[in-house]
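Take a look at the structure set out below.
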Protein chains: 2
Amino acid sequence: MAHSATKRSDITLSNCGYSKVLDIISSKWAALVIYAMENGKIRYGQMLRRVEGISKKMLTQTVRKLERDGLVQRHITPTVPVSVEYSLTALGESLLQPMKTLRQWGRDNYTQVVEARVKYDFVGTPDSVPTSPITSS
Amino acid sequence: MAHSATKRSDITLSNCGYSKVLDIISSKWAALVIYAMENGKIRYGQMLRRVEGISKKMLTQTVRKLERDGLVQRHITPTVPVSVEYSLTALGESLLQPMKTLRQWGRDNYTQVVEARVKYDFVGTPDSVPTSPITSS
DNA sequence: CGGGATCCGGCACGATACTG
DNA sequence: CAGTATCGTGCCGGATCCCG
């Protein structure tokens with residue numbers, strides 16, 4: 001580190017690329033909605049059914065934000081009952097790979113995280129039981 | 001339920017690896033705190049100064065959650081004023097690469113996202129201006 | 001069919017003060 | 001030095017109803 005470097009904080013929200021990405025896809029449904037589009041155009045109602053548990057409000061809100069961020073395109077076909085299809089833009093598709101990398105990490109390691117939590121909560125909770133817990137016999 | 005596939009929703013929160021990861025590092029400060037530890041052990045006060053804008057409350061809360069999830073270790077040295085150091089566990093380090101991949105995407109493409117927003121908000125806001133906007137000449 | 005408008009509860013986050 | 005305790009607030013997300 002430089003000599004008198006009074007500049008202490010070198011890690012900031014504003015220049016962190018990861019935080020910027022979170023700004024785009026940290027919402028609860030964003031990733032799921034993107035996955036629903038990874039094979040090409042898909043209709044609104046289709047997504048509503050494919051993404052388990054999402055409500056119309058959240059689907060619309062999520063897809064709108066993604067559209068605003070330039071990751072998603074809307075295609076409107078003015079048939080009798082309107083038909084609206086969504087698809088990823090080139091920018092949106094470019095995000096798929098990095099996301100998959102993280103997703104793979106999650107698949108590979110989430111059980112370890114869950115185990116760590118159980119362990120942490122186990123040693124953390126004791127309010128009683130100073131005696132050995134499982135080793136009953 | 002199996003045969004005629006009435007099972008429509010194939011994208012769910014519970015089986016999405018990406019969403020699981022978000023559960024771990026989607027909080028505002030998590031990534032920044034992890035970055036503060038990527039070069040090895042670091043003291044509490046050091047992190048407080050390195051991560052711009054973080055409060056003691058949020059640092060403690062963030063680091064505790066990461067510890068609970070098994071990504072971070074705490075080392076306490078009972079000197080006169082207590083000294084506490086934090087570092088990434090093997091699991092925590094393994095998350096570094098996937099995170100960097102996303103971070104790189106953010107660095108490379110965030111400006112495009114910002115531009116898309118400006119554009120979207122521009123065509124979205126008009127309350128007036130039915131006349132062609134940019135094509136002035 | 002594909003939304004928009006509204007009400008509401010929970011929780012992430014911030015500011016401040018106190019402690020061993 | 002390294003936290004904890006408490007209070008307050010925004011806003012994310014769910015439920016419900018309405019619309020063209």
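All chains are named by letter (A, B, ...) in the order of the sequence lines, taking the proteins before the strands, and each is independently numbered beginning at 1. Nothing here was measured: the structure is a model prediction, and the numbers come from that model.
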| said: Treating S19(A) as the side-chain partner and N15(A) as the backbone partner, does any N or O pair qualify as donor plus acceptor under 3.5 Å? | reply: no

| request: Please check if the side chain of R49(A) supplies one atom and the backbone of G45(A) the other of a donor-acceptor pair under 3.5 Å. | output: yes

Nucleotide [N], atom [atom2] - distance to [atom1] of [X] in whole Å:
X      : N       : atom1 : atom2 : result
W29(A) : dC12(D) : CH2   : C1'   : 13 Å
Q61(B) : dC11(C) : CD    : P     : 13 Å
M58(A) : dT16(D) : CE    : P     : 16 Å
L32(A) : dC12(D) : CG    : C1'   : 16 Å
H75(A) : dG3(C)  : NE2   : P     : 13 Å
L48(A) : dG2(C)  : CG    : P     : 9 Å
E52(B) : dC13(C) : CD    : P     : 17 Å
L22(A) : dC13(C) : CG    : C1'   : 15 Å

| Mind checking what makes side chain to side chain donor-acceptor pair (under 3.5 Å) contact with S26(B), not counting sequence neighbours? | none

| request: Using the six-membered ring wherever Trp is involved, compare the ring planes of Y86(A) and Y44(A) and label them parallel, tilted or perpendicular (cut-offs 30° and 60°). | output: tilted

Sort me out a list of protein N/O and nucleotides 2-8 of chain D N/O pairs below 3.5 Å, or just none if empty.
unit_1	atom_1	unit_2	atom_2	d
dA2(D)	OP1	R43(B)	NE	3.0
dA2(D)	OP1	R43(B)	NH2	2.9
dA2(D)	OP1	V84(B)	N	3.1
dA2(D)	OP2	G45(B)	N	2.9
dG3(D)	OP1	R64(B)	NH2	3.2
dG3(D)	OP1	R74(B)	NH2	2.8
dG3(D)	OP2	Y86(B)	OH	2.6
dG3(D)	O6	K56(B)	NZ	2.8

| Knowing that exactly one of V63(B), T62(B), D69(B) qualifies, which makes a side chain to side chain contact (heavy atoms under 4.5 Å, CB included) with K65(B)? | D69(B)

| message | Using a heavy-atom cut-off of 4.0 Å across all strands, would you classify T79(A) as base, sugar-phosphate, or nothing? | response | nothing

| task | Provide the closest heavy-atom pair for V82(B) versus R43(B) in the form atom of the first, atom of the second, distance. | result | O-NH2, 4.0 Å

